[in-house]
Every structure is written in structure tokens, then in C-alpha cells.
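Notes to accompany the following structure.
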Protein chains: 2
Amino acid sequence: MDAVTLEMVRLLSRRSGLARRIGEAKRGIGAPVDDAAREASLRSKVAAACAGEGEAAMASRLLNFLINESVQVQSDAAPAAATSHTAIFQEAKRLEEEGHDIVHMEVGEPDSAPPEHAAAALAAACAAGHTKYGTAPGIAELRDAAAEIESAHGTPLTRENVIVTMGARFAIYLAIESLLSPGDELVVIEPAWPAYAQCAMRAGVKVTRVRTTLESKWEPDISEIESAITPNTKMIAINYPNNPTGKVLPARRQREIIDVAARRSLYVLSDEIYAPYSLVEWHSALESGHDRTIVTQSLSKSHAMTGFRVGYAVAPPREAQRMARLQSLCLTCVPTPVQHAALAALRAEPPGAARETLERLRGLAPMAAEAGLEFDGPDGAMYVFGRLPRGLDGGEVALECLRRGLAIAPGAGFGGYGPFVRLSACREAPVLARGMDILNSVLSGGGP
Amino acid sequence: MDAVTLEMVRLLSRRSGLARRIGEAKRGIGAPVDDAAREASLRSKVAAACAGEGEAAMASRLLNFLINESVQVQSDAAPAAATSHTAIFQEAKRLEEEGHDIVHMEVGEPDSAPPEHAAAALAAACAAGHTKYGTAPGIAELRDAAAEIESAHGTPLTRENVIVTMGARFAIYLAIESLLSPGDELVVIEPAWPAYAQCAMRAGVKVTRVRTTLESKWEPDISEIESAITPNTKMIAINYPNNPTGKVLPARRQREIIDVAARRSLYVLSDEIYAPYSLVEWHSALESGHDRTIVTQSLSKSHAMTGFRVGYAVAPPREAQRMARLQSLCLTCVPTPVQHAALAALRAEPPGAARETLERLRGLAPMAAEAGLEFDGPDGAMYVFGRLPRGLDGGEVALECLRRGLAIAPGAGFGGYGPFVRLSACREAPVLARGMDILNSVLSGGGP
């Protein structure tokens with residue numbers, strides 16, 4: 001056994017020497033390190049060389065290991081990650097703690113107060129004894145309430161389909177970490193909220209990016225999605241109304257994507273936190289009836305409860321259980337008082353946060369056009385995602401804006417959209433106008 | 001490159017065939033699947049065959065991959081994981097939701113109410129506007145308060161050393177996931193709270209277990225710790241007062257462990273959530289001054305705030321930042337209203353939860369002795385960890401107790417202590433007596 005192992009080590013060393021030389025050659029001609037066609041060809045050769053399913057699975061794990069190693073060897077000289085909207089937000093908050101005045105247009109955070117019922121339930125939590133450990137999937141009444149709401153999309157759901165999570169963010173982390181394995185692949189349609197790809201990369205899951213463009217109104221091409229799928233693909237992430245573009249797909253197009261996923265038995269991870277923020281007809285992925293659908297929801301946007309960090313995932317029971325097991329390991333459960341506040345919020349009338357923000361978005365769009373940004377009028381969400389004039393870089397403009405008291409999100413963080421920025425409409429009109437003045441001053445000064 | 005890869009796949013298949021035959025032979029003679037001495041010998045052969053540090057690191061990653069594969073192949077016929085205290089707790093909660101009456105002696109949860117100041121701060125959170133996103137490491141005042149408290153152990157700390165987390169549980173998850181890499185090793189002194197090993201295994205980190213025994217009063221042998229350390233070891237986890245044994249190490253012994261870690265530049269992950277629950281002299285790992293010390297703390301036990309899910313980690317600034325980046329990805333921040341409740345709790349007088357529970361623990365010990373359990377009188381924490389009479393199995397006894405309305409924690413969950421159970425003293429004396437009646441009825445009936 002030792003002799004076999006030492007021979008493998010020798011071959012690995014030879015392989016990494018080859019990878020290094022290929023990397024140098026690729027850099028010489030400006031080619032990307034990652035090469036999907038070559039990888040697919042190698043995968044089929046390996047599969048053909050294997051006898052039986054167990055051996056093929058093991059060989060595939062080795063191949064994933066080797067590909068990660070050689071991408072790492074080939075990327076050694078690559079530049080560091082671009083500025084993200086999270087980095088800008090954290091820096092803006094730090095500046096505020098130092099006493100600076102910042103206009104927040106980098107973050108999707110309604111500025112209204114949480115609903116009265118939620119505030120009252122939080123205030124009453126200790127007196128009501130809601131202060132002890134709970135089960136990992138959440139309190140039964142809250143799961144029932146979520147199941148009832150989501151059953152409106154046509155598939156009858158029970159609490160077994162629901163897990164209460166720390167916002168949609170942790171729901172996505174749990175779904176990717178607990179349903180996918182290292183070497184699996186996730187298809188992400190870009191531009192996209194960066195968490196899908198970031199969670200996948202942390203989990204050793206390969207991210208395959210399907211780019212969309214402003215010119216095609218941010219609609220993904222179905223054939224591009226199909227050709228992004230390999231035998232290792234396990235999940236496709238969609239998010240409509242979209243962050244950052246505000247796009248809502250036509251019903252037929254969304255259905256085509258889900259049909260592709262269903263034919264290949266892929267999970268559809270549909271992040272639907274902007275559902276109440278739609279200016280056009282919108283459809284939940286749950287309408288499709290595809291049995292591997294996972295929907296993530298949050299009270300952050302719908303109920304202006306960002307700081308509560310509470311949301312939920314809807315999933316088949318087996319998948320919900322796997323997610324709950326990881327939540328149990330990470331943090332036992334979502335804070336019990338917070339769950340009771342969420343329950344009160346879901347039971348009350350839907351609040352007006354969405355209507356108000358959409359009104360502000362309607363006001364922001366012409367200001368963004370006037371500043372010289374090119375964009376597609378948003379169908380929903382709370383953002384304008386626009387291309388800067390004169391090939392300016394979003395990261396540099398965002399940093400200069402922050403120096404002058406305006407936080408905005410660079411496009412690079414949403415997947416290589418360097419010349420774009422995302423402007424959030426979550427502030428009162430005069431505040432937005434003040435922010436746009438700062439952006440205009442940066443742009444009219446010839447850029448940063 | 002393809003030829004080299006295919007040859008590696010062929011060797012992998014041959015290697016796994018060998019592993020399968022070795023696994024069968026081991027099962028035949030009852031030997032464990034994992035074999036530290038053989039692995040160490042293979043590692044030194046591989047290291048000797050490598051030229052340079054980069055190549056040795058890559059070979060070590062391949063070796064970790066191969067060892068994981070063969071342990072998996074060899075373990076295919078092994079039984080499923082043992083019953084854990086978390087599984088018992090989740091099942092007990094489910095039974096309660098169905099209307100059953102359960103005595104909870106499986107969980108370390110003070111039954112007193114959270115401090116008045118914390119309840120008041122939570123109730124006031126919405127009116128005070130504490131409902132928005134915060135930064136990943138937590139609100140500055142809370143980090144300052146924690147830094148001041150922990151500075152009492154001799155090392156001056158600032159907010160840069162503190163990250164507010166979802167209880168100590170998430171602090172441990174963040175430390176292991178963000179500071180260790182797949183293939184690194186973590187030394188765990190057993191019996192231990194299972195989360196250290198579970199988090200490590202999820203992260204692809206190898207767990208090396210140093211067993212302690214009731215006969216040696218749960219004191220680890222320094223030479224065993226030293227011989228558990230390999231060039232891949234990056235962290236050692238300690239937890240005193242200990243869950244489940246209640247042990248507090250003599251100051252000199254704890255210092256010896258930290259000195260070993262310091263000499264080998266290992267992180268010391270010291271989980272100190274039971275610090276207020278000590279009946280004897282206790283010392284924080286922070287007293288050592290070892291610069292790679294990470295301490296986890298929680299308000300769950302100290303302030304009877306289990307359901308709030310709030311705690312913190314103290315770490316060097318660079319490590320705190322890495323943990324905060326992962327917390328940002330997972331959940332943005334700990335819920336803002338909860339952080340303000342925690343701040344109020346830390347600023348008020350320490351509550352009486354610890355004194356009361358220790359009183360109950362003093363009352364539980366003689367009842368456990370009378371039931372026939374063998375144990376070392378606890379120095380602190382909130383548990384009796386005892387060996388059942390007549391070689392009875394803790395898992396089977398726990399399941400039979402649960403059927404009769406008593407939840408207790410099987411010893412197997414704390415690392416292969418099958419004949420043990422952990423009894424929690426967190427209930428009023430009459431409730432504990434009722435629980436012990438159920439345990440006695442199970443034991444006197446000749447076992448489950």
C-alpha cells in the first residue's frame with residue numbers, strides 16, 4: 001500500500017510541474033486558468049477508465065482534488081478579490097462609529113421600523129418565557145405559518161417543509177453546505193448577489209457562471225444554462241426579483257430554467273426575498289412543482305426586520321432535515337425571542353415597506369439616468385444597477401464616493417461587472433438626492 | 001497531463017482494493033479502522049520523498065485525501081453514529097410539542113429567567129431603533145465590555161480581540177472553519193462536548209482524541225497529548241470546568257498543556273462557558289499569555305440566556321477578523337436587539353444562576369451515587385458524568401428513560417464512553433428527584 005501511495009505522490013508532483021508550465025503559457029497568451037472544455041474531456045476519459053459506479057465516484061473525487069490543485073498552482077499569480085458591497089458596508093459602518101455622516105445607498109435595508117406586532121412580541125418575549133433553547137428547525141407555529149404562506153403557490157406544504165433560519169443568508173449557506181459535496185457544481189446566473197458563489201467556494205463546490213448582459217435585458221440564454229451543466233452539477237441558483245438588476249423573468253423563461261433543472265434532477269435554489277418588491281407579475285419557483293426546489297425567504301426586506309436576522313427555507317422534508325442538522329451544529333436554533341417576533345409579523349397584515357421603497361425606486365431611476373448611468377428599468381427589488389459613463393471602474397468610484405460620504409456597491413462584487421454600480425433606493429427622497437449629488441460630483445470631476 | 005491523471009486513477013483504484021482487504025482483515029480481528037502509527041510512518045516516507053516545502057504540502061494534502069478515502073472504504077460496514085445528547089434533546093422537545101411531560105436532565109440550561117436588565121433592553125430594542133444590520137464582529141460597546149471583562153485575566157485586550165457570536169457554539173464553528181484547513185489536525189481531550197469534533201470533521205480536519213478516564217480523575221496525560229501532535233496539528237481544544245465531567249484541571253496541569261501548544265505554535269481553543277460554575281480555583285487560558293489563544297464565552301450559562309444564542313470569542317485581531325469574515329458570509333451579524341440585551345446583561349451585576357445550579361449539583365451527586373453510578377465528584381459545571389452499574393449501555397438506558405419521561409445524555413456522544421450517562425442538575429430539587437426516580441426504575445428493572 002505504501003508503494004502505491006509513493007507512486008501517486010510522484011505522479012502528483014509531475015502533474016503539478018505540468019500545470020505550472022501550462023499556467024505560464026496561459027498567462028502568456030491571456031487565457032483563463034479554468035478551462036471547461038478540457039476538464040469535460042478529461043472527466044469522460046476518467047469515467048470510461050472506471051469499472052462500476054463506486055469506482056467512478058471515487059475517481060471523480062480524486063479528479064476534483066487534482067483540478068483544484070492545478071487551478072491553485074495556475075492561479076498563484078492572479079490578483080486579489082475585488083471590492084464587494086459587504087466590504088463597503090462594513091467600512092461605512094466603521095466610519096459612522098467614528099462619527100462620520102454616511103448616506104447608505106450600498107445596502108438593501110428598508111429604513112422603516114419593524115411592524116408593531118413584531119416589536120410588541122419581542123418586547124413581551126421574556127415575560128412570556130420565550131427565552132430557552134428551541135429545536136433546530138424552529139418553533140412549530142412559525143413553521144406552520146410559513147408553510148401556509150408558501151402553500152399559496154400551489155404545492156401543499158407542512159411544517160416538515162420549513163426550517164427557520166438566520167435570514168435567507170444562512171438558509172443559503174445551509175442549503176449549499178449540507179446538500180452539496182466538494183467537487184459538485186453550482187450554476188449561478190450573473191450578475192448575482194455574491195453569497196451564492198462565496199458559500200459554494202467555501203464548500204469546495206465549483207461555481208459555473210452564466211453571464212447575462214444589460215443589452216439582453218439581463219435575461220439568461222437557456223442554451224447557455226444547458227451547456228453549463230455537467231454530470232457534477234447538482235444545483236442552480238436563481239433570484240427574481242433580482243439583486244442587483246431588479247429583473248423579474250417572464251414566467252415562461254423562468255419555467256424553462258426550472259424544466260432544465262428538473263430534467264437533470266438538479267436542485268433549484270430560488271432566493272425569493274424580494275417577492276413583495278415586484279412592480280410586475282411574479283411567480284414563485286414553488287409553482288413549478290419540481291420536487292427538488294428550495295426557496296429561501298427573509299423578513300429583512302418584507303418586514304423591515306434586517307437586524308432581526310430571521311427568515312426561512314422551504315425544502316423537501318429530507319433536505320430540510322439535513323439543513324436543520326447543520327443549523328443545530330452551528331448555533332442550536334434561531335434566537336427564541338426573535339422567532340416569536342417573526343411569528344407575530346407573519347400573522348399580521350403585510351406592512352407598507354415594499355410599497356414605499358418601490359415608490360423611492362421610481363424616483364431614483366431618473367436621477368440615475370441623469371447622472372449618466374445606463375441601465376434597464378428595474379421590474380422590482382430596490383436597486384438601480386447601472387453602467388458608469390466613460391468606462392469608469394465601479395470599485396474606484398465607490399471608494400471615492402465613500403471618502404465623500406456616500407456608500408454605493410461596486411459592480412465587480414456581483415460577478416465581474418467592473419464598470420457597473422448598484423444604487424439602493426432604501427432612503428427618503430431627499431437623502432437619495434443628497435447621495436446622487438455626491439455621485440454626480442465624483443463623476444463630473446472626471447471620475448475618482 | 002491526461003496520461004498522468006489516468007495513471008493516478010488506476011493507482012487509486014488499486015489502493016482502494018487493498019484498503020478494502022485490510023478493512024476486512026481488521027474487522028476479523030476487531031482492530032480499529034484508524035491506525036495512527038501506520039499513518040505516521042507513511043507520512044514520514046512521503047515527506048522524505050518530496051523535494052521542497054511546496055511539494056511536501058501538496059503531497060500532504062493528497063495523503064489526507066487518500067487516508068480519508070481508505071478510512072471511508074474500511075468503515076463501510078461500521079455501525080451508525082451513537083445517540084447524542086442533541087438527538088435526545090430534539091426528540092424530547094418533539095415529545096413535549098405532542099403534549100408529553102418530560103423531565104429535562106439531558107441539557108445544560110439554567111431554568112431561571114434572564115437578568116432583568118437584559119429583558120428590559122430586549123423589550124426596549126425596537127423603540128431605541130436597534131433593529132438594523134450591524135457589522136459582523138458586533139456592536140462596539142458590547143465588544144468593549146467583553147474586552148474589559150476578559151482583560152481581568154492579565155492580558156490587556158481591546159474590541160479588536162472580540163467577536164460577538166451566536167453563542168459559544170458558533171464561535172467554535174467559526175474558529176475551526178476559518179482558522180483550520182482540510183488535512184489539519186485538532187487534538188480533543190475526551191470525554192468532550194461533541195461540537196469540537198463534529199465541527200472539525202465537517203471542515204475536513206482530522207480529530208485526534210486523547211482519552212481520559214474516571215480512574216485518573218479525568219486528568220489528561222501530558223505525554224499522551226505530546227504524542228498526539230503531528231506536523232499537521234494546528235489546534236488543541238480544552239474545556240474547563242469540563243462538560244461532561246465537571247472537572248477543573250489543577251492550574252499547573254492546564255499550564256503544562258498550554259506550554260506544549262505554545263512550543264509547537266498550536267492554537268489553544270479554550271471553551272470557558274462554565275467559568276462562573278466552578279466550585280474550586282479556576283484559571284482562564286488567557287492567563288498564560290500564549291499568543292494563539294482563542295477563548296469562547298456565552299451568556300447561555302452565565303446569564304441564563306440560552307434562547308438568546310449570544311456569546312463571544314476572544315482571539316488575536318487577525319484571527320478575530322477571519323472569524324468575522326465567515327460570520328459575515330453566514331449571517332451578517334448576531335441579531336441587533338439580542339446584542340443590546342447581552343450588553344445590558346454584561347453591564348449589570350452577575351446573576352445568581354450559577355450559585356443556584358451548583359447548589360442543585362451538590363444535591364444531585366448523592367442521588368446519583370445511590371442510583372449506583374460511579375463518578376468523580378464534579379469541581380464545577382452542572383453535570384454528574386457517571387458509569388452505569390452492571391455494564392449497562394448509556395444509549396439504551398437513555399432511550400428507555402425517554403420513553404418513561406426522563407431525558408438524559410448518553411456517554412457515547414462525548415466520545416466512546418458507552419457505559420456512562422450525563423445528568424444535568426439544572427432543575428429544582430423535586431424535579432431532579434422525580435427524574436432520578438425514573439432512572440432508578442429503569443436501572444432496578446435490570447436495565448432497558
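- The greatest number of non-hydrogen atom pairs below 4.5 Å with chain A, out of Thr306(B), Thr86(B), Thr336(B), is found for Thr306(B).
- Most heavy-atom pairs under 4.5 Å with chain A, from the set Arg202(B), Arg14(B), His130(B): that is Arg202(B).
- No more than 12 heavy atoms of other residues, nucleotides or ligands sit less than 6.0 Å from atom CD of Glu116(B).
- Comparing Leu122(B), Val310(B), Asp111(B) by heavy-atom pairs within less than 4.5 Å of chain A, the highest count is held by Leu122(B).
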query = Between Leu11(B) and Glu7(B), does a side chain to side chain contact (heavy atoms under 4.5 Å, CB included) hold up when you go through it step by step?
reply = CA-CA 6 Å; Leu11(B) 288 171; Glu7(B) 178 60 15; 4.1 Å; yes

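- Contacts with chain B were tallied for Ala120(A), Ser328(A), Cys50(A), Ala119(A); Ser328(A) has the most, counting heavy-atom pairs under 4.5 Å.
- Contact annotation for Leu174(B): neither backbone nor side-chain heavy atoms come within less than 4.5 Å of a heavy atom of chain A.
- Judged by distance alone, the side chain of Arg309(A) and the main-chain N or O of Leu331(B) form a donor-acceptor pair under 3.5 Å.
- Ranked by heavy-atom pairs shorter than 4.5 Å toward chain A, the options Lys45(B), Lys93(B), Met166(B), Gln90(B) are led by Gln90(B).
- Looking at Thr165(A), neither its backbone nor its side chain comes within 4.5 Å of chain B, counting heavy atoms on both sides.
- Checked by atom type and distance alone, the side chain of Arg322(B) pairs as donor or acceptor with a backbone atom of Ser178(B) at under 3.5 Å.
- Side chain of Arg169(B) to backbone of Leu329(A): a donor-acceptor contact under 3.5 angstrom is found.
- Note on Ser13(B), Gly129(B), Ala59(B): by heavy-atom pairs under 4.5 Å with chain A, the leading option is Ser13(B).
- Heavy-atom distances place the side chain of Leu326(A), and not its backbone, under 4.5 Å from chain B.
- Considering only heavy-atom pairs separated by less than 4.5 Å from chain B, the leading option among Val334(A), Val9(A), Thr5(A), Ile139(A) is Thr5(A).
- Scanning all heavy atoms of the two residues, the minimum distance from Ala113(A) to Ala304(A) falls at O-CB, 3.9 Å.
- Interface check for chain B: of the options Ala168(A), Ala203(A), Ala136(A), Ala195(A), the most heavy-atom pairs under 4.5 Å are formed by Ala136(A).
- Within the 3.5 Å criterion, the main-chain N or O of Gly138(A) finds no donor-acceptor partner in the side chain of Gln327(A).
- Counting heavy-atom pairs under 4.5 Å between each of Tyr133(B), Phe89(B), Tyr173(B) and chain A puts Tyr133(B) at the top.
- Chosen from Ala171(A), Ala125(A), Cys126(A), the residue pairing most often with chain B at heavy-atom distances under 4.5 Å is Cys126(A).
- For Pro194(B), no part sits under 4.5 Å from any heavy atom of chain A, backbone or side chain.
- For Val46(A), the parts sitting under 4.5 Å from any heavy atom of chain B are the backbone and the side chain alike.
- Heavy-atom distances place the side chain of Leu6(A), and not its backbone, under 4.5 Å from chain B.
- Of the residues considered (Thr131(A), Leu18(A), Val107(A)), Thr131(A) shows the highest number of contacts with chain B, using heavy-atom pairs under 4.5 Å.
- Both the backbone and the side chain of Glu177(A) come within less than 4.5 Å of a heavy atom in chain B.
- The contact between Ala49(A) and chain B is made entirely by side chain atoms (from C-beta outward), counting heavy-atom distances below 4.5 Å.
- Looking at Ser298(A), there are no atoms closer than 4.5 Å to chain B (heavy atoms on both sides), in backbone or side chain.
- Among Glu97(A), Arg325(A), Glu109(A), the residue with the largest count of heavy-atom pairs under 4.5 Å with chain B is Glu109(A).
- Listed for the Arg159(B) side chain is no donor-acceptor partner under 3.5 Å among the backbone atoms of Glu141(B).
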